[in-house]
Amino acid sequence: MNKISHPKGKIILGMSGGVDSSVCAYLLKKQGYDVIGVFMQNWDPYVNGDIKGHLSITQKQCNAVKDFQIARSVAKKLNIKIFRTEFIDEYWKKVFKYMLNEYRVGRTPNPDILCNKYIKFDEFIKYAKKHFKCERIAMGHYANVIQKQNKFFLTKAKDQDKDQTYFLCWLNQQQLQKITFPIGNLTKDKVRQIAKKIGLANWSKKDSTGICFIGERNFKLFLNNYFPYKKGDIVDISSNKIIGKHDGVIFYTNGQNKNLNLSGFPSKYFVCGKDLKKNILFVCNAYFKNKYLMSTKCQLIKFNWISPKPTNKKIKIRFRHRQKLINGTFNKTKNGVLLSYTQTLSITPGQFAVLYDKKICLGGGIVDRIIK
């Protein structure tokens, strides 16, 4: 399999103001592309009721304004055109409402995967086609796309620590054939070196963290913008005794051991279950976490196969971004995909399981239930 080689011509680049997309612009222009930068704003704190949870007073101001100024200065230095667009309404309807609905039923979602599927690689492509008559786009993700015959494969980046294929597991063949990832074969250090060498002011800019296009927040307070507190009992699942109070079961996730307001106990406690109807948060102490949080099987729903299913059912699995790949097998079932895997802690409904065959990201699905 070879990395896709596209005829040089017009390409629309998503520019965020970060160093990754800035270096992408430089590399694409160096390769002979006619690069047009587009800055996306998909979240507005004022429009979206994002009041609580900001980590600093400056976060309450629209970070998109500052980021666009940086992106525009990079575009000017590299002598490329840059435009600005908004998908605020689309992001709310296609990404954020899903996230809120998942939390509402006690699950733990990953909105970044939907953001890639429906915004960065769908709405953005449609925008590029409508306004620039071009469907070839580039993004600053750490990933690669290769082609074999008429099939496209998503493969891991050179920088394993920065690899973002986990977040791209819901892309399809039609999307992959239109995408270029210019820094997929570079390390983050090399990207920063290039940016510094060519004099980009954002060469040392801190990587963005937190929710896609929203950023880092005090997550409990952030969710409180959309869900009221609903106090209830914290119950030790082993003794069935009430040992504390919580602010609402939806604010906690399986495996969580911080911010539980449980002190004075000889060992840490971990969230291990929820009863939404009775508003009970179940916890177990560290001595019993393997008993209540360890699993070896789970059922996935809404599984997206990026490329053909492998004949070998032995695969590698990642349940969280940057989590080490674990050994497992898959079986297609009537309701989706059944995974069996090496004993793993704190797998929780709502999160994504992403499958790999060596360097190839096969696709991913949502954990629906843990099978004991």
Side-chain angles (χ1 to χ4, degrees), residues 94-95 97-99 101-118 121-122 148 150-156 163 165-176 253-255 271-277 282 290-372:
K94 296 183 177 183
V95 178
K97 280 180 70 175
Y98 158 83
M99 178 183 128
N101 287 337
E102 286 288 270
Y103 276 108
R104 187 174 286 112
V105 295
R107 293 156 69 95
T108 303
N110 192 315
D112 290 21
I113 291 172
L114 275 79
C115 179
N116 282 319
K117 169 72 174 176
Y118 295 115
F121 299 101
D122 183 22
K148 184 179 181 181
N150 294 321
K151 295 293 182 183
F152 297 87
F153 296 83
L154 178 67
T155 63
K156 290 189 286 187
D163 177 69
T165 52
Y166 178 89
F167 297 119
L168 303 172
C169 70
W170 259 15
L171 298 188
N172 58 37
Q173 290 289 298
Q174 290 71 35
Q175 290 168 311
L176 288 183
T253 188
N254 282 357
V271 174
C272 63
K274 306 174 185 179
D275 186 326
L276 269 72
K277 289 184 179 180
F282 291 102
N290 285 1
K291 178 180 178 180
Y292 292 106
L293 288 170
M294 191 75 79
S295 67
T296 58
K297 289 184 180 181
C298 68
Q299 178 73 44
L300 307 182
I301 57 172
K302 298 182 180 180
F303 196 91
N304 172 63
W305 291 101
I306 297 175
S307 44
K309 295 185 287 292
T311 53
N312 183 1
K313 293 188 176 182
K314 291 183 178 180
I315 39 83
K316 299 283 188 178
I317 307 168
R318 180 168 279 148
F319 288 100
R320 297 175 186 85
H321 176 50
R322 289 185 180 168
Q323 178 196 49
K324 287 185 178 180
L325 290 166
I326 60 175
N327 293 321
T329 60
F330 74 91
N331 282 287
K332 189 176 179 182
T333 67
K334 182 179 179 181
N335 298 319
V337 172
L338 177 67
L339 291 186
S340 300
Y341 43 87
T342 305
Q343 281 192 325
T344 305
L345 278 170
S346 305
I347 307 305
T348 185
Q351 69 183 146
F352 276 75
V354 180
L355 311 188
Y356 292 84
D357 182 8
K358 297 178 182 176
K359 290 185 177 182
I360 298 172
C361 176
L362 299 169
I366 300 171
V367 177
D368 186 50
R369 60 191 178 92
I370 309 303
I371 300 172
K372 296 293 186 179

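Heavy atoms only: backbone and side chains are in, while hydrogens, waters and symmetry mates are out.
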Exercise for the section: Show your working on side chain to side chain contact (heavy atoms under 4.5 Å, CB included) between Asn110 and His321 and close with a plain yes or no. Expected result: CA-CA 10 Å; Asn110 192 315; His321 176 50; 5.9 Å; no

Practice task
Might you confirm whether atom NZ of Lys297 has over 12 heavy atoms from other residues, nucleotides or ligands at distances under 6.0 Å?
Solution key: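 No, NZ of Lys297 has 12 or fewer neighbouring heavy atoms, counting only those of other groups under 6.0 Å.
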
Of the non-hydrogen atoms in [X] and [Y], which two are nearest, and what is the gap between them?
{"X": "Asn116", "Y": "Leu171", "answer": "O-CD2, 3.9 Å"}
{"X": "Asp163", "Y": "Arg318", "answer": "OD2-NH1, 4.0 Å"}
{"X": "Asn254", "Y": "Gly273", "answer": "OD1-N, 3.6 Å"}
{"X": "Ala353", "Y": "Phe319", "answer": "CB-CE2, 3.6 Å"}
{"X": "Lys274", "Y": "Phe282", "answer": "N-CD1, 4.3 Å"}
{"X": "Arg320", "Y": "Ile347", "answer": "NH2-N, 4.1 Å"}

Handout entry: Whether Trp170 and Tyr118 hold their rings parallel, tilted or perpendicular, with breakpoints at 30° and 60°
Key = perpendicular

Which pairs would a plain distance check flag for residues 324-332, meaning a side-chain donor or acceptor within less than 3.5 Å of a matching protein atom at least two apart in sequence or in another chain?
residue, atom, partner, partner atom, Å
Asn327, OD1, Lys316, NZ, 2.4
Asn331, OD1, Lys313, NZ, 3.1

Less than 4.5 Å apart, side chain to side chain, heavy atoms only: is that true for [X] and [Y]?
{"X": "Thr165", "Y": "Thr155", "result": "no"}
{"X": "Tyr341", "Y": "Cys298", "result": "yes"}
{"X": "Pro310", "Y": "Leu362", "result": "yes"}
{"X": "Tyr103", "Y": "Pro109", "result": "yes"}
{"X": "Lys94", "Y": "Asp122", "result": "yes"}

Okay, side chain of [X], backbone of [Y]: is any donor-acceptor separation there less than 3.5 Å?
{"X": "Arg107", "Y": "Glu102", "result": "no"}
{"X": "Gln173", "Y": "Phe152", "result": "yes"}
{"X": "Gln175", "Y": "Asn172", "result": "yes"}
{"X": "Tyr166", "Y": "Phe352", "result": "yes"}

Mind checking the [atom1]-[atom2] spacing from [X] to [Y]? Nearest 0.5 Å is all I need.
{"X": "Ile366", "Y": "Phe303", "atom1": "CD1", "atom2": "CZ", "value": "11.0 Å"}
{"X": "Ile370", "Y": "Ser346", "atom1": "CD1", "atom2": "OG", "value": "10.0 Å"}
{"X": "Thr348", "Y": "Leu293", "atom1": "OG1", "atom2": "CG", "value": "9.0 Å"}
{"X": "Trp305", "Y": "Cys169", "atom1": "CH2", "atom2": "SG", "value": "11.5 Å"}

Exercise for the section: May I ask you to decide whether Lys309 forms a salt bridge with Asp357, counting only side-chain N to carboxylate O separations under 4.0 Å? Expected result: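 No, no charged N to carboxylate O under 4.0 Å.
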
Handout entry: Trace of the side chain to side chain contact (heavy atoms under 4.5 Å, CB included) decision for Ile360 with Lys358
Key = CA-CA 6 Å; Ile360 298 172; Lys358 297 178 182 176; 6.0 Å; no

Practice task
May I have the step-by-step check of side chain to side chain contact (heavy atoms under 4.5 Å, CB included) for Thr344 and Ile317, ending in yes or no?
Solution key: CA-CA 11 Å; Thr344 305; Ile317 307 168; over 6 Å; no

Exercise for the section: Verify side chain to side chain donor-acceptor pair (under 3.5 Å) between Thr333 and Asn335, making sure each step is shown before the conclusion. Expected result: CA-CA 5 Å; Thr333 67; Asn335 298 319; 5.5 Å; no

Practice task
Assess whether side chain to side chain contact (heavy atoms under 4.5 Å, CB included) is satisfied between Leu339 and Leu300, documenting all intermediate values.
Solution key: CA-CA 7 Å; Leu339 291 186; Leu300 307 182; 3.6 Å; yes

